[in-house]
Amino acid sequence: MPKTPEDVIRDEIRALTAYHVPDSAGMVKLDAMENPYRLPAPLRARLAQLLEDASLNRYPDPGARELKAQLRRSLDVPEGMDLLIGNGSDELIQMLVLAAARPRAAMLGVEPSFTMFRMIAAFAGARYVGVDLRDDFSLDIERLLAAIEQHRPGITFLAYPNNPSGNLFDAGLLERVIEGSPGLVVIDEAYHAFAGRSFLPRLPRHPNLLVMRTLSKSGLAGIRLGILIGAQRWIGQLDKVRLPYNVNTLTQIVAREVLQHGDVLTEQAGAIKLERGRLLQALQRMPGVSAYPSDANFILFRVSRAESVFDGLKRRGVLVKSLHGSHRLLADCLRVTVGTPDENTAFLSALTQTLNP
Ligand code: PMP
C-alpha cells in the first residue's frame, strides 16, 4: 500500500493552516505592512543598469561581503558584532529555531504577536510557549518571568514594536526579560523605521541578546532581506544551518545600492509616520471605533463587528487584515497598514460608509 499524507506528514504539520495571503488584485492594499511608495525614478534606472551588468550565470557571493559592509554602515552595527542575513527575517527565525530545536526545548513568545514565531516552532517540531500580554498589550512581566523560569526556553522572541498591536514594550521590562533569560532573547525590530528605538546599541552589554531587522517594511518587501545581529559565538553557530547562497544576487545588488541612498527610505518612513498620526486621529474620532496608538506602520483598531466591517471594506475596494478570532485580546480587531494619503483617505471613507450604511 502506498503511504498517504497521514502516514508521511507529521501530525503537527497536518494540524496547521497555511499562512493565507488573500488576493488583492485591484484593491487598495492595506493588509501587509508594505511601504506604499516606490523608489524614485533615477534610483530605479540605476538599479536597472546594475542588474543588466550582474553575472546571473554565477552563484551569488556566499558571504555577501559588500552587502554586509554596507549594512554595518547603514544600521550602525556596534563594533565587534556579526551579521547573518536571510531571505527575509522569516528565514532567520527559521534558522534560529532549527538550530535550537533540541528534543524537549521550548521556544517562548508573547501573545498576541507575530504568528510566524509559533508557526516556525511547529515546523521544527519545537514546543512553543505563548504568554499573554495584558489587556492594553503591555508586557505582563511577572507572568513572563515566571514562564521563562518554568520552561527555560532556548529562544524567546519579542517584536519591538509588536505586531499586531503596534506598541513598543517598556525597554526597562525588556531588559529584565533579557537578564532573566537563561537562553537567547531575539528582539525583532521589523518596524524599527517607524519607531526609532532600538536594542542594537545594547548588544555589547547582553551576551544572550540578538537583534533582528528587515528591509521589508521600510520599502523593499519585494527583495526579501532580513538581518540578524549579535555576537560571533551565536552568529557563527546559526550560520551553519543557513542554506548556501540563501540571499540571491539580485537582492544583494538592490539592497546595497538602495542602502547607499538610505535617505530615500528615511524620507518615505517620515511621510508614513505623518500619515499614521492623521489616520489615528481620524479613527479615534469615529464613533464605534477604538484605535490603538502605534509606533509601527500600521494601526490596530476595534469595531463592534469586525468580520462584517472587514467584508464591507472589501466590497468597497479596501483590503485590511482581520485579526478577529486569532486571540482573546484581538476580538473584533482589524489592522490597517498606513498607505499613501489618497489610500488612507479611501480607507477612511470606506470605513465611514461601512459603519453608517
Ligand atoms: N517580524 C515581524 C514582527 C513581522 O511583523 C514580520 C512581517 N509581518 C516579519 C518579522 C517578517 O518580515 P520579513 O518580510 O523580513 O520576512
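Reckoned from all heavy atoms, side chains included, excluding hydrogens, waters and symmetry mates. Whatever order the structure lists ligands and atoms in, that order sets their numbers, starting from 1.
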Checklist entry - Do you know which of Tyr160, Phe298, Phe114 makes ring-ring contact (aromatic ring centres under 6.0 Å, His included) with Tyr191? => result Phe298
Checklist entry - Is the gap between the ring centers of Phe137 and Phe169 under 6.0 Å? => result no
Checklist outcome for this item: Residues joined to Tyr59 in its hydrophobic cluster, side chain to side chain under 4.5 Å directly or through other members, sorted by chain and number, are Tyr245
Item to check | Centroid-centroid under 6.0 Å between Tyr292 and Phe301 rings | outcome: no
Checklist entry - Gln252 and Asp61: side chain to side chain donor-acceptor pair (under 3.5 Å), yes or no, with the steps? => result CA-CA 9 Å; Gln252 292 192 30; Asp61 172 1; 6.0 Å; no
Checklist entry - With a 4.5 Å heavy-atom cut-off, do Arg213 and Leu75 have their side chains touching? => result yes
Return a table of N or O atom pairs, ligand 1 on one side and protein on the other, at distances under 3.5 Å, rounded to 0.1 Å.
unit_1   : atom_1 : unit_2 : atom_2 : d
ligand 1 : 1 (N)  : Asp188 : OD1    : 3.4
ligand 1 : 1 (N)  : Asp188 : OD2    : 2.5
ligand 1 : 5 (O)  : Asn163 : ND2    : 2.8
ligand 1 : 5 (O)  : Tyr191 : OH     : 2.7
ligand 1 : 8 (N)  : Lys217 : NZ     : 3.0
ligand 1 : 12 (O) : Ser89  : OG     : 3.2
ligand 1 : 14 (O) : Ser216 : OG     : 2.6
ligand 1 : 14 (O) : Arg224 : NH1    : 2.6
ligand 1 : 15 (O) : Ser89  : N      : 2.7
ligand 1 : 15 (O) : Ser89  : OG     : 2.7
ligand 1 : 15 (O) : Thr214 : OG1    : 2.6
ligand 1 : 15 (O) : Ser216 : OG     : 3.4
ligand 1 : 16 (O) : Ser89  : N      : 3.2
ligand 1 : 16 (O) : Asp90  : N      : 3.0
ligand 1 : 16 (O) : Asp90  : OD1    : 3.4
ligand 1 : 16 (O) : Asp90  : OD2    : 3.3
ligand 1 : 16 (O) : Arg224 : NH1    : 3.4
ligand 1 : 16 (O) : Arg224 : NH2    : 2.9

